[in-house]
Participant: 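Handing you a structure now.
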Amino acid sequence: MKKQHWKAFVDWVNGTAPERAPAAMPELPAKREKSPRTKPDEARRVRVFSRIYRITSLVVCLSVVCVLLYTLFHLPLFGAEDNPAVNEVVERYVEQGLAETGAVNMVTGMILDYRAFDTFGESSVLFLAISCVMMLLLKDQNNTTAADTLQLQRERETEREISDPILKKVVSVVFPCILLFGIYVVLNGHLSPGGGFSGGAVMGAGLILYSAAYGMDAVSRFFTLKTFRTLTTTALLCYALSKAYSFFTGANDLPSGIPLGIPGAILSSGLILVLNICVGLIVACTMYGFYILFTKGEF
């Protein structure tokens with residue numbers, strides 16, 4: 001037995017080993033042939049479904065367009081006497097708005113006096129939106145790792161080292177003007193076109209521009225998460241309490257004790273000036289909050 005193994009080894013070394021027949025491959029079980037009708041039937045069903053889907057989509061779109069056009073052609077003409085918008089509410093706004101609200105800007109008098117709770121709802125929506133984004137994107141010690149913290153530190157170092165001097169010089173001149181103009185728009189909302197929404201948007205844009213030029217650390221020197229929470233919460237509470245008191249006294253024919261002032265003066269129109277400031281603070285904080293949370297995840 002050992003001699004046979006040795007001979008086989010010598011033949012393999014010398015290359016004279018006899019060739020072995022390849023081992024027979026095990027036969028695989030035959031695949032079950034599919035019915036030749038399966039694929040054509042499936043393709044036919046797909047074509048029929050696609051055709052029905054397109055026809056249905058076209059019919060629905062045309063139906064919606066027809067309904068909208070029919071509604072448009074049957075709307076009353078602008079300014080017509082039978083227009084539903086021309087009613088006693090509009091007459092009250094136009095004829096007695098100045099005497100009742102003290103606001104020269106009738107639009108501001110309407111949205112911050114007659115419809116003040118509606119505007120309060122809009123401000124609350126902004127506050128809820130930024131609160132939801134903060135719950136999802138705000139980075140703190142509970143939802144960040146050491147790698148995230150290290151990456152954030154590197155980004156801050158990069159912002160400090162890599163900066164655009166031209167942008168910084170321009171922003172250093174433009175930013176105070178933007179902020180001052182936003183404050184002007186808020187404070188003169190009851191006297192001229194403007195108000196809390198537009199003035200707050202201007203101030204929020206100024207904060208975003210300053211952060212883009214100097215970095216988040218520069219803004220965090222005067223605008224932190226604590227500042228954001230304090231301003232938004234105080235503004236909403238002040239708005240709610242002010243108009244709750246005003247509506248309570250007005251609904252019960254009680255004197256509110258809040259003078260309307262002289263129409264056209266900066267200190268006039270009762271609580272409208274205060275409400276404009278509250279709305280402006282909420283809008284400015286919301287705009288900057290969205291920007292900083294989506295870019296950095298923290299204030």
Participant: Could you check whether any side-chain N or O of Tyr291 sits under 3.5 Å from a backbone N or O of Ala205, counting only pairs where one atom can act as donor and the other as acceptor?
Facilitator: no

Participant: Please answer: with hydrophobic residues joined when any side-chain heavy atoms are less than 4.5 Å apart, are Ile208 and Phe222 in the same cluster?
Facilitator: yes

Participant: I would like to know whether Leu137 and Phe294 meet side chain to side chain contact (heavy atoms under 4.5 Å, CB included); could you show each step before the answer?
Facilitator: CA-CA 7 Å; Leu137 300 180; Phe294 276 104; 3.7 Å; yes

Participant: So, for Val171 and Pro176, which heavy atoms are closest and what is the spacing to 0.1 Å?
Facilitator: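 Closest pair (atom of Val171, atom of Pro176, distance): O-CD, 4.0 Å.
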
Participant: State whether the side chain of His190 and the backbone N or O of Leu267 hold a donor-acceptor pair below 3.5 Å, judged by distance alone.
Facilitator: no

Participant: Does atom CZ of Phe248 have more than 12 heavy-atom neighbours from other groups under 6.0 Å away?
Facilitator: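 For Phe248, atom CZ is not crowded (no more than 12 foreign heavy atoms under 6.0 Å).
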
Participant: Assess the residue pair Phe127 and Thr286 against the criterion (side chain to side chain contact (heavy atoms under 4.5 Å, CB included)); give the C-alpha distance rounded to whole Å, side-chain angles, the decisive distance to 0.1 Å, and a yes or no.
Facilitator: CA-CA 7 Å; Phe127 177 75; Thr286 302; 5.9 Å; no

Participant: Hey, what do you get for CG (Leu275) to SG (Cys238), rounding to the nearest 0.5 Å?
Facilitator: 7.5 Å

Participant: Minimum heavy-atom separation for Phe247 to Tyr114, with atom names?
Facilitator: CZ-O, 4.3 Å

Participant: CG of Leu112 to NZ of Lys243: how many Å apart, nearest 0.5 Å?
Facilitator: 8.0 Å

Participant: Which distance, rounded to the nearest 0.5 Å, do you find between the OG of Ser269 and the CG of Leu260?
Facilitator: 8.0 Å

Participant: Has Thr234 got a side-chain atom pairing as donor or acceptor with Leu231's backbone, closer than 3.5 angstrom?
Facilitator: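 Side chain of Thr234 to backbone of Leu231: no pair is present.
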
Participant: Got a second to check how far Ile282's CD1 is from Ile277's CD1, nearest 0.5 Å?
Facilitator: 12.0 Å

Participant: Below 30° counts as parallel, above 60° as perpendicular, anything between as tilted: where do the rings of Phe49 and Tyr53 land?
Facilitator: parallel

Participant: Does Asp113 use its side chain to pair, donor to acceptor, with the backbone of Gly109 at less than 3.5 Å?
Facilitator: no

Participant: Which atoms form the tightest heavy-atom contact between Ala218 and Tyr210, and what is the distance?
Facilitator: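 Scanning both residues, the minimum pair turns out to be CB-CE2, 4.0 Å.
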
Participant: Do Arg54 and Leu58 have side chains that get closer than 4.5 Å, going by heavy atoms?
Facilitator: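 No, side chains not in contact.
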
Participant: Taking the side chain from Thr119 and the backbone from Ile111, do they hold a donor-acceptor pair closer than 3.5 Å?
Facilitator: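 The answer is yes, because a donor-acceptor pair under 3.5 Å joins these two groups.
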
Participant: Are Phe197 and Val279 side-chain neighbours, meaning at least one heavy-atom pair lies under 4.5 Å?
Facilitator: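 Side-chain contact under 4.5 Å: yes.
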
Participant: Run the side chain to side chain contact (heavy atoms under 4.5 Å, CB included) check on Leu281 and Thr232 step by step: do they pass?
Facilitator: CA-CA 7 Å; Leu281 291 176; Thr232 53; over 6 Å; no

Participant: Who else is in the cluster with Leu75 when I, L, V, M, F, W and Y are joined by side-chain contacts under 4.5 Å?
Facilitator: Leu72

Participant: Could you check whether the rings of Tyr288 and Phe223 sit parallel, tilted or perpendicular, using 30° and 60° as the cut-offs?
Facilitator: perpendicular

Participant: Quick one: hydrophobic cluster around Ile262, which other residues, with the 4.5 Å side-chain cut-off, linked directly or via members?
Facilitator: none

Participant: Which heavy atom of Tyr239 sits nearest a heavy atom of Cys278, and at what distance?
Facilitator: N-SG, 4.1 Å

Participant: Find the distance between CG (Leu236) and CG (Leu241) and round it off to the nearest 0.5 Å.
Facilitator: 10.5 Å

Participant: As an exercise, state the distance from CG of Leu136 to CE of Met134, rounded to the nearest 0.5 Å.
Facilitator: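 If we round to the nearest 0.5 Å, Leu136:CG and Met134:CE are 11.0 Å apart.
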
Participant: Considering all heavy atoms of both residues, which atom of Gly280 and which atom of Met203 are nearest to each other, and what is their separation?
Facilitator: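 Heavy-atom minimum between the residues: O-CE, 4.0 Å.
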
Participant: Are Phe228 and Ile130 close enough, and set up right, to give a side chain to side chain contact (heavy atoms under 4.5 Å, CB included), and what steps lead you there?
Facilitator: CA-CA 11 Å; Phe228 169 81; Ile130 189 62; 3.6 Å; yes

Participant: Near Ile166 CD1, under 6.0 Å, is it more than 12 heavy atoms from other residues, nucleotides or ligands?
Facilitator: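 Open: at most 12 neighbouring heavy atoms sit under 6.0 Å from CD1 of Ile166.
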
Participant: Looking at Asn276 and Gly196, would you say the former's side chain and the latter's main chain have a donor-acceptor pair under 3.5 Å?
Facilitator: yes

Participant: Can you confirm whether Leu191 sits close enough to Ser268 that some side-chain heavy atom of one is under 4.5 Å from a side-chain heavy atom of the other?
Facilitator: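 They are in side-chain contact.
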
Participant: Donor-acceptor pair, Ser246 side chain versus Ser242 backbone, under 3.5 Å?
Facilitator: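 Not at all, since once roles are kept as given, no pair shorter than 3.5 Å links the two residues.
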
Participant: Hey, quick one: are Leu167 and Ile178 part of the same hydrophobic cluster, counting side-chain heavy atoms closer than 4.5 Å, chains of contacts allowed?
Facilitator: yes

Participant: With distance as the sole test, does Ser63 use its side chain to make a donor-acceptor pair with the main-chain N or O of Val59 at under 3.5 Å?
Facilitator: yes

Participant: Hydrophobic side-chain clustering at under 4.5 Å (ILVMFWY, transitive links): who's grouped with Val173? Put none if nobody.
Facilitator: none

Participant: Please confirm whether the backbone N or O of Leu207 pairs with a side-chain atom of Ser211, one donor and one acceptor, at under 3.5 Å?
Facilitator: no

Participant: Judged by atom type as modelled, is there a donor-acceptor pair below 3.5 Å linking the side chain of Ser256 to the main-chain atoms of Thr249?
Facilitator: no

Participant: Starting from Val94, can I reach Val107 by hopping between I/L/V/M/F/W/Y residues whose side chains sit under 4.5 Å apart?
Facilitator: no

Participant: Any chain of hydrophobic side-chain contacts (each under 4.5 Å) joining Phe181 to Val174?
Facilitator: yes

Participant: What closest approach, in Å, do Ala201 and Val283 show between heavy atoms, and which atom pair accounts for it?
Facilitator: N-CG1, 3.6 Å

Participant: Check the surroundings of atom OH in Tyr184: do more than 12 heavy atoms from other residues, nucleotides or ligands lie under 6.0 Å from it?
Facilitator: no

Participant: Is a side-chain donor-acceptor pair under 3.5 Å present for Thr230 with Thr227?
Facilitator: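 Side chains of Thr227 and Thr230: no pair found under 3.5 Å.
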
Participant: Would a hydrophobic clustering, with Ile, Leu, Val, Met, Phe, Trp and Tyr connected at side-chain separations under 4.5 Å, put Leu187 with Leu180?
Facilitator: no

